[in-house]
Amino acid sequence: MKFIALITGKVLILFSRIFRVGGGSSFPGLVALKIDPRLIVKITRKLKNGTIVITGTNGKTTTSKHLSAILGYSGLKVVHNRTGSNLMRGIASTLIEQSTVLGRPRGNIGLFEIDEATMPDAVSNLKPKVILVTNLFRDQLDRYGELDRTAAVIAKSMEHLERATIILNADDPLVSSLAKKINNKNKVKYFGLNEDRYIAKSRASLDSKDCLICGSELVFEKRFYGHLGIYSCPKCDFKRPEVNYEAKNITLYGIKSASFSLANKTNNIDISLNLSGIFNIYNSLAAYSLARTLGIDGDTIKAALGNSSAAFGRMEKLVVDNKEIYLLLVKNPIGLTQIIETLSTDSGARNFMLILNDNFADGTDVSWIWDADVNPLNGDFNFIYTAGIRAQDMTLRLKYEDFNTSKIKTINDIEKAFGEAITNMPPGETLYVLTTYTGMLQLRNYLTRIGIVEGFWRRAPHETKSYSSLPR
Amino acid sequence: MRLNLIHLYPDEMNLYGDYGNILSIVKRCDWRGIDVKVIKVKKGDPLDLSDADILFMGGGQDRSQQIITDDLVSKGPQIKEAVEGGLCVLTICGAYQLFGHYFRTREGEELPGISVFDAYTVGSDDRMIGNVLVDCADTLRKSGETRLTPADREHLELIGFENHGGKTYLGESVNPLGKVVYGFGNDGTKAWEGCRYKNAFGTYLHGSLLPKNPWFTDYLIVLALKHRYRKDIQLDALDDAIEYAAFNTAKKRTLTAKTTHL
Ligand SMILES: [Zn+2]
C-alpha cells in the first residue's frame, strides 16, 4: 500500500480527463496529499539533478519556459509544473502525472514556478538546489494582500537554507534586500541590467522606494522599469549589489523583437529574441543566470533562447487579410505601463484597443488603471477603441491625460469593438489589443468561433504560433 | 485664479490609484484656467499650511502607515488649526483612519491619530471589499450647501471601491459624508460612509474617487476657492459626458453585481 496516494492521484487524473471535470489540474494532487502529505518530498528526492524554484510577481512563466527549453537542449529531461497550477496541490498533481506508478519521476530535473505565498511550503517540500526571485510588484491588491508581507514570507522561506544557491534580481531593491535575511551569504548570486539607453521615462509608479534596512528614501541613479534600477540608500550602506550575470547592448524593436548580450565572468553571448520589452530582457537574463549556475554552456543557452516561443496567452500574433493583430495581456499597473512604453518605441504602432473587465480574475477594483502611466500612447495614434465591462473607466483615464477623445470610441461589447477596429484599420497596419484576463478569453473564444484563428493557420502555414510573454 | 494643493506623503501613502484624485483636481482646474500648484510634502519635510488651499492624503500599506505615523502626529496640531480655519481636506482609507483619534488593531495596540475627525477605528477580522454607492444628498442639504451648480446638484451620489479591515465609528461632532446605498460603509453595517468636519472629508472610497465623481471634485475646488478668495465662486460648467458615462457604468455594475458581499 506504499503507493496508494500516487495511484489514487493517477486514477483521479484519468477520471477527470475522461469526464472533463475540474480541468484535471489540482484536485488529484489535493486528494493525494491528504493521503500522503510527504508525497512531494518522496518523488522529488528521486530527481537526479535536483529541483529549481522560480518565484516573484512577474516573469515566472516565461523564465521557466526559457529555462525548460535550455535544459531540454542540454539533454536533461524536465519535470515542470507548466499548467499554471502553482499551489502545492498543483505541484503534487504535476508530479503524480509525470511519475511512474512506482513513484519514479519521468525526468531527471524538476522546475517549479511557485507563487510567492506558497514559498514556505514549496521550499520545505521541494528542497530546491537553486531558487530564483524575479521581482516583486504590486498585483491586484484585493487578491494578494500587501507587498511587504509578500517579501517577508519569501525571506522567511529561504532564511535557513544552507546548500541552495539563491539568485536575486539585483535591480529590485525589495528582492536584493532578501539577501540580508539569508544566513549563507556565499550562496547568493545576482543578476541585473547594464544599460544606458532604455531608461524608464514613465512616471515612476514605485512600489518600493524606501530602504528596507533603515527606511530612508532610496536614490535612483537610473530606473529600467517600475522600481527596478540602479539605486542606493543615502543613509546606510544598502545599495544595488554588484551582479554575477548581466544583460547589455540592448536594442528593442517595438513590441515584436529585441537583441542584446548576456554575460557572466567567463561567458558572453549575443541573443536575438522574438520577444521585446525590458521585462523580457529580464526573463531571458533570469533563465541565463539559472542555466549558468547549473553549468550549462553559452552556445546551448543561445540556441535555446534563439528559438524561444513564449508563454501561453501573454502575447499572440494573428494575421487577417494582411492586417496584423497583437493580443497582449495586462494584469497590473506595471504591466500596462511596460507594454505601453515598449509600444511607444515603434512609431508604426498607431491602432489600439484597450479592454477593461472587472471580473474576479481581472481584479474587481479598477483603480489600478490610474496607477499606470498611459501617456506614451498619446502620440500620433489613428484610433483607440475602449471595450469590456468597464470600458468607460478606461476612456475616462485617457481623457485625464489629454488624449484626443474624438479619436477614442467606447464600446462595451468586445466583439463589436474588435470588428469595427479591424474594419477601420488601413491594410498593412497593426492592431494592438491590450486586455485584462477575462477580456482575453472572450476575444479568443470569439476569434476561434468565427474561424479567424483557423483561417490564419490555413492562410499562412509557415507562420509559427507566436506567443510571447508579458508581465502578469 | 490659483490654488495650492498639498499632497501629504505622496510616496508612502499612494495606494489604490490616488494619482487619479490629484489628476482630477489639477485637470478640472486647468480646464477652467485655474492654476494649481501641487506641493509634495514627504516624511520629515516641514509643512507650511499658511498658503495652502487643499490638503490631500491617500491610503497606504501597513508598513507605510507605521513609517509616517510619528511624522503625522508631529504635524497634527498644525493641520487641526488649518481645518478650523476652513482648509479643504480630502483623506482616503488609511489617511481617513489616521485623521481620527486612534486606530486600535485587532491585537489591542493603539496607533495614535491626529483627531481632526471625532472618530476612531477598530481593526476587525472582516475585510470589507467591493463597489460602493453613497448618497450625499441629505447630508449636504443638512449642512445647508448652496454653492453647487444646478447641474452638480443633479448628482450628489458617489461611486467607488472600498477595501478595508478597520471599522470606523463617528463621534458627535462630525457628520457622515453620505448614506450607503450599496456597500459596507464606515463600520460594515451598511449605514453610513465617510465623514465631514467643516471642509475636511474622510472616506473609504477609492476607484479612483474623484475622476468618476466630478461634482464632488468641483465641490472641493469651490470650497478651496472660497478659502483662498473669501467669497463664493461659481465654476464654469464642463462637458462631463465621459465622467458620467463611467459613473453610470460603475453604478449599474454595483447595483447588479453578481459577486455577493462576504
Ligand atoms: Zn538605508
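Just so it is clear: chains get the letters A, B, ... in the order the sequence lines come, proteins before strands, and each one is counted from 1. The analysis underlying the following values was restricted to heavy atoms, covering all of them including side chains, and did not include hydrogens, waters or symmetry mates.
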Are any of the side-chain heavy atoms of B/F161 and A/T364 separated by less than 4.5 Å?
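Result yes, sub-4.5 Å side-chain heavy-atom pair found.
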Heavy-atom pair with the smallest gap, counting every atom of [X] and [Y]:
{"X": "A/S367", "Y": "B/H206", "value": "OG-CD2, 3.0 Å"}
{"X": "A/W370", "Y": "B/Y19", "value": "O-CD2, 3.4 Å"}
{"X": "A/Y400", "Y": "B/R28", "value": "OH-NH1, 3.1 Å"}
{"X": "A/R390", "Y": "B/A250", "value": "NH2-CB, 3.4 Å"}

Taking atom [atom1] of [X] as the centre, report whether more than 12 heavy atoms of other residues, nucleotides or ligands fall under 6.0 Å from it.
{"X": "A/K222", "atom1": "NZ", "answer": "yes"}
{"X": "A/K407", "atom1": "NZ", "answer": "yes"}
{"X": "A/K181", "atom1": "NZ", "answer": "no"}

What part of A/I389 lies closer than 4.5 angstrom to a heavy atom of chain B: side chain, backbone, both or neither?
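Both the backbone and the side chain of A/I389 come within 4.5 Å of chain B.
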Distance, nearest 0.5 Å, that separates [atom1] of [X] from [atom2] of [Y]:
{"X": "B/I242", "Y": "A/T410", "atom1": "CD1", "atom2": "OG1", "answer": "6.5 Å"}
{"X": "A/D402", "Y": "B/D30", "atom1": "CG", "atom2": "CG", "answer": "7.5 Å"}
{"X": "B/S208", "Y": "A/L396", "atom1": "OG", "atom2": "CG", "answer": "9.0 Å"}

Looking at B/E243 and A/K399, is any side-chain nitrogen of the basic one under 4.0 Å from a carboxylate oxygen of the acidic one?
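Looking at A/K399 and B/E243, the cut-off is met.
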Side chain, backbone, both or neither of B/D18 within contact of chain A (heavy atoms, under 4.5 Å):
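The backbone, not the side chain.
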